[in-house]
Amino acid sequence: MGRIVAIGGGEIGRLGYPVETTKIDKEIISLTGKNKPKLLFIPTASLDSESYYDVVKKHFGNKLGCIIDVLYLLREKTNYEKIKNKVLNSDIIYVGGGNTLRMMNVWRNKGLNRILTEAYNQNIVLSGLSAGAMCWFEYGNSDSRRFRNPDAGLIRVRGLNFVNALFCPHYNVEESRRSDLRKMMFRTSGVGIAVDNCCALEIVDDKYRVIKSNNNSNAYKVYYKNGKFYQEIINPSKEFKPLKDLLNR
């Protein structure tokens, strides 16, 4: 049960940057089976950025034909029932990037974690990039501390645990991700999924596949076994494969 598209990173039309993830975003839309699905954007990680919402409206609304709404948890006073109504009446949840640790703390304080679990069980498509990808996993490899201290190291942030793995975004564009992930996995049981920008892990029920909007991007399975570190490319495929095989070491 559940549908997730976790994107490693990439641009969707921010001023001065190219649009990079359209192929992946079209797959998110196709999972709904609807021509004009209702997409709810959650920008908690970016402090409810209005400019981010504008970009989402242009990309997913004007260009890709979705009906767009936003859930502000910091900018507006929103009660539990209003949050639940917005989330459970959507076809797609799209979570933006930013400060993952702060986002998860706000979500738990507002009860959004419980509502998103309902959304997951109702097969609403859960998606997003960077912080918006890590949140669906047990853990994320996060730069949350760098929002206050640029020299801070990466930290392990606990997500919603719909997928029993650690997710690491931006694997090909941020040099510190590789070395920090290797250290982080040494004290993390199970596997890590490291994903480049313009690449995503798509999960439908108990199966998965890797999809790309750039042929040079990849996803990797990383883990320790008998004290040795392994990093293996997860080959892209049109066919879905058993998720349990990906999560086993």
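As the structure is a prediction and not an experimental result, all values here were calculated from the model.
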_Worked check of side chain to side chain donor-acceptor pair (under 3.5 Å) between Thr21 and Asp25_ = CA-CA 6 Å; Thr21 61; Asp25 301 331; 2.8 Å; yes

*State whether the number of non-hydrogen atoms from other residues, nucleotides or ligands found under 6.0 Å of Glu175 atom CD is greater than 12.*
no

*Flag yes if Val157 and Val95 sit in one hydrophobic cluster, no otherwise; membership is Ile, Leu, Val, Met, Phe, Trp, Tyr, and two members link when side-chain heavy atoms are under 4.5 Å apart.*
yes

*Going through the checks in order, is the salt bridge (Lys or Arg N to Asp or Glu O under 4.0 Å) test met by Asp54 and Lys57?*
CA-CA 5 Å; Asp54 288 339; Lys57 285 189 288 186; 3.5 Å; yes

*Find the distance between SG (Cys199) and CD1 (Ile211) and round it off to the nearest 0.5 Å.*
8.0 Å

*Without swapping roles, check the side chain of Thr100 against the backbone of Ser142 for a donor-acceptor pair under 3.5 Å.*
no

*Keeping to residues at least two apart or across chains, list the salt bridge (Lys or Arg N to Asp or Glu O under 4.0 Å) pairs with something in residues 80-90.*
Asp69-Lys86, Lys84-Glu118

*Among all residues two or more places apart in sequence or in another chain, which pass the side chain to side chain donor-acceptor pair (under 3.5 Å) test with Asn89?*
Asn85

_Just to verify, which of Ile7, Leu64, Val55, Thr22 counts as forming a side chain to side chain contact (heavy atoms under 4.5 Å, CB included) with Ile12?_
Val55

_Distance in Å, Ile4 CD1 paired with Leu243 CG, rounded so as to fall on 0.5 Å steps_ = 9.0 Å

*Any residue meeting ring-ring contact (aromatic ring centres under 6.0 Å, His included) with Tyr94, in chain and number order, not counting sequence neighbours*: Phe60

_Worked verdict on Glu138 versus Arg156 for salt bridge (Lys or Arg N to Asp or Glu O under 4.0 Å)_ = CA-CA 10 Å; Glu138 182 177 10; Arg156 189 177 70 177; over 6 Å; no

*For the hydrophobic clusters of this structure (ILVMFWY residues joined by side-chain heavy atoms under 4.5 Å, transitively), does one cluster hold both Leu88 and Trp136?*
yes

*After noting the C-alpha distance and the side-chain angles of Asp91 and Lys34, does the key distance pass the salt bridge (Lys or Arg N to Asp or Glu O under 4.0 Å) rule?*
CA-CA 9 Å; Asp91 301 305; Lys34 298 181 178 181; 2.7 Å; yes

*Hey, what's the ring geometry for Tyr223 with Tyr230, parallel, tilted or perpendicular (30° and 60° as the breaks)?*
parallel

*Might you confirm whether atom NZ of Lys26 has over 12 heavy atoms from other residues, nucleotides or ligands at distances under 6.0 Å?*
no

*Are Arg177 and Asp143 ion-paired here, with the side-chain N under 4.0 Å from a carboxylate O?*
yes

_Between Glu202 and Lys207, does any side-chain N to carboxylate O distance fall below 4.0 Å?_
no

*Pairing residues for Ser46 by the side chain to side chain contact (heavy atoms under 4.5 Å, CB included) criterion, not counting sequence neighbours*: Pro43, Ser49, Tyr52

_Classify the ring geometry of Tyr171 against Tyr220: parallel below 30°, tilted from 30° to 60°, perpendicular beyond 60°._
tilted

*Who passes side chain to side chain donor-acceptor pair (under 3.5 Å) against Tyr224, sequence neighbours left out?*
none

_Determine whether Asn214 and Lys23 satisfy the following criterion, side chain to side chain donor-acceptor pair (under 3.5 Å), listing intermediate values before the conclusion._
CA-CA 9 Å; Asn214 184 321; Lys23 185 175 180 180; over 6 Å; no

*Tell me, please, which residues at least two apart from Tyr139 pass ring-ring contact (aromatic ring centres under 6.0 Å, His included).*
none

*Using a cut-off of 6.0 Å, state whether more than 12 heavy atoms not belonging to Asn79 lie near its atom CG.*
yes

